[in-house]
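All values reported here derive from a predicted model rather than from experimental measurement. Counting starts at 1 for both ligands and their atoms, following the listed order.
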Amino acid sequence: MTTTAPRVGRPPEDAPGDAPAASGAAAPELPPARGELSAAVSGRLRGRSAALPGPRAVAAADPYGEDLQLALHLCYELHYRGFAGVPDAAEWDPDLLRLRALLEERFEEALRAGCAGSATPAEVFDALLTEPPDGQGLSRFLLRHGTLEQLREYAVLRSVHQLRESDPYAWVLPRLWGRAKAGMTTVLYDEFGCGREERVHARLYADLMRGLGLDPRYGHYLPVVGAPVLAAANLMSLFGLHRARRGALVGHFAAVEISSPPAASWHAAALRRCGADEAAARFYDEHVEADAVHEQLVRREVVDGLLAEEPGLAADVAFGARATGLLEDALAESAVGAWRAGASALRAPTEEEA
Ligand SMILES: [Fe+2]
Ligand SMILES: [Fe+2]
């Protein structure tokens with residue numbers, strides 16, 4: 001990466017982040033396509049009427065590849081903020097929904113193959129707390145060796161999801177009841193700021209980005225993040241948008257809440273070691289405390305509550321948590337691998353660095 005990044009601790013002079021709704025309502029631009037599938041989705045969203053790819057084209061694509069993951073991400077984002085210039089009605093375009101189903105099938109098939117074997121939810125959760133034996137864990141790497149530039153890159157990678165933190169989990173609320181619903185709602189109340197806009201976790205993430213001199217607009221860095229990041233973000237929508245995958249969604253949520261507190265404290269420490277603005281560390285400080293409570297609530301109320309009502313979902317909960325670990329490991333491997341090789345974890349320099 002080049003070294004002309006803006007001063008740390010302050011946004012760039014003309015920071016778009018100074019706008020009040022910096023990560024708010026504005027829809028991002030459609031990113032450049034990365035192959036046949038994403039070009040077709042993008043073309044449809046731009047108003048072209050050409051036929052969309054069918055099962056053969058999807059079957060030929062790498063399920064974890066740049067093209068398929070971007071195509072899926074474009075389809076999913078229509079359910080969140082959409083894209084600039086794309087009509088809201090595109091969310092329910094039947095042709096796009098048909099293609100999305102094919103992409104999801106291909107993605108889930110690969111995930112199922114990668115998560116073969118049987119384990120109970122509790123076994124999977126315990127395994128998530130075990131540090132990778134080779135010490136290559138991303139949070140641990142950043143704690144020990146991370147440079148400010150790498151911490152900024154990590155903030156860019158995570159921005160695809162963190163600027164909408166917890167939104168995909170909210171889809172599950174109408175599909176839960178009893179203890180699971182009460183527990184899930186309690187955790188989400190925290191995630192969404194307990195009634196205070198400035199405490200919404202997505203907003204704290206935007207503050208973190210500003211503190212690192214990054215642009216906190218929603219979807220702004222989509223063009224520079226690679227498939228592992230998109231896959232990790234897509235997994236939440238894959239689970240969240242389908243009632244049939246409510247067990248997997250709860251498993252995902254539990255996996256994230258359980259593994260968050262130690263990782264969050266390491267990220268906060270790494271940011272402070274590198275002299276980053278306090279606003280940047282605050283996002284992680286908040287998660288050290290909040291997620292220790294969330295972990296207990298998720299295990300006892302959400303997971304146990306769900307399985308008391310629907311014991312048949314245990315395998316789905318375990319699958320959701322394992323798939324989360326699988327994709328988080330892939331993301332970590334890709335980023336740490338790049339950094340260890342002295343390269344960037346981004347597909348291209350950000351405009352702040354160019
Ligand atoms: Fe959070
Ligand atoms: Fe949390």
Side-chain angles (χ1 to χ4, degrees), residues 22-24 80 121 124-125 128-129 138-139 142 151 154-173 176 179-212 216 218 229 232-233 235-237 239-240 246 248-271 278-306 317 320-321 324-325 327-328 331:
S23 62
Y80 297 93
V124 180
F125 299 154
L128 287 169
L129 285 171
L138 191 149
S139 306
L142 287 174
L151 286 162
Y154 183 68
V156 166
L157 295 175
R158 285 294 185 196
S159 68
V160 170
H161 165 64
Q162 294 299 152
L163 290 172
R164 64 164 199 211
E165 189 186 329
S166 294
D167 286 353
Y169 299 135
W171 300 116
V172 86
L173 286 178
L176 300 178
R179 278 168 59 204
K181 188 176 195 123
M184 191 78 185
T185 307
T186 305
V187 178
L188 289 181
Y189 181 68
D190 268 2
E191 301 288 344
F192 294 132
C194 304
R196 290 173 58 187
E197 191 270 341
E198 73 278 9
R199 292 184 57 187
V200 174
H201 287 189
R203 158 68 189 272
L204 292 178
Y205 199 80
D207 294 343
L208 172 148
M209 294 184 76
R210 273 194 210 90
L212 289 172
Y218 187 90
V229 169
L235 185 69
M236 286 175 246
S237 302
F239 294 159
R246 63 194 177 283
L249 191 277
V250 164
H252 189 293
F253 190 52
V256 168
E257 295 295 342
I258 288 167
S259 49
S260 165
S265 68
W266 297 338
H267 282 283
L271 284 161
E278 272 301 300
R282 196 161 63 235
F283 172 83
Y284 289 111
D285 290 343
E286 170 73 19
H287 282 83
V288 175
E289 275 188 41
D291 287 346
V293 178
H294 294 174
E295 176 189 350
Q296 296 306 316
L297 270 168
V298 172
R299 277 186 191 251
R300 288 192 214 140
E301 303 302 316
V302 184
V303 174
D304 291 355
L306 176 71
V317 173
T324 307
L327 295 189
E328 287 299 318
L331 195 163

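Nearest N/O/S atom of E165 relative to the Fe ion (ligand 1): this is OE2.
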Requested in this report: Output, in order, the C-alpha distance, side-chain angles, deciding distance and verdict of side-chain contact (heavy atoms from CB on, under 4.5 Å) for R299 and F125.
Outcome: CA-CA 9 Å; R299 277 186 191 251; F125 299 154; 3.9 Å; yes

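Any protein N/O/S atom under 2.8 Å from the Fe ion (ligand 2) was counted, giving 5 altogether.
Checked by atom type and distance alone, the side chain of Y284 never pairs as donor or acceptor with a backbone atom of A263 at under 3.5 Å.
Aromatic ring centres of H287 and F283 lie closer together than 6.0 Å.
Between Y154 and H267, the ring planes are parallel. Angles under 30° get that label, and only those over 60° would be called perpendicular.
Within 6.0 Å of CD in Q296 there are more than 12 heavy atoms belonging to other residues, nucleotides or ligands.
With sequence neighbours left out, the salt bridge (Lys or Arg N to Asp or Glu O under 4.0 Å) criterion links E328 to R158.
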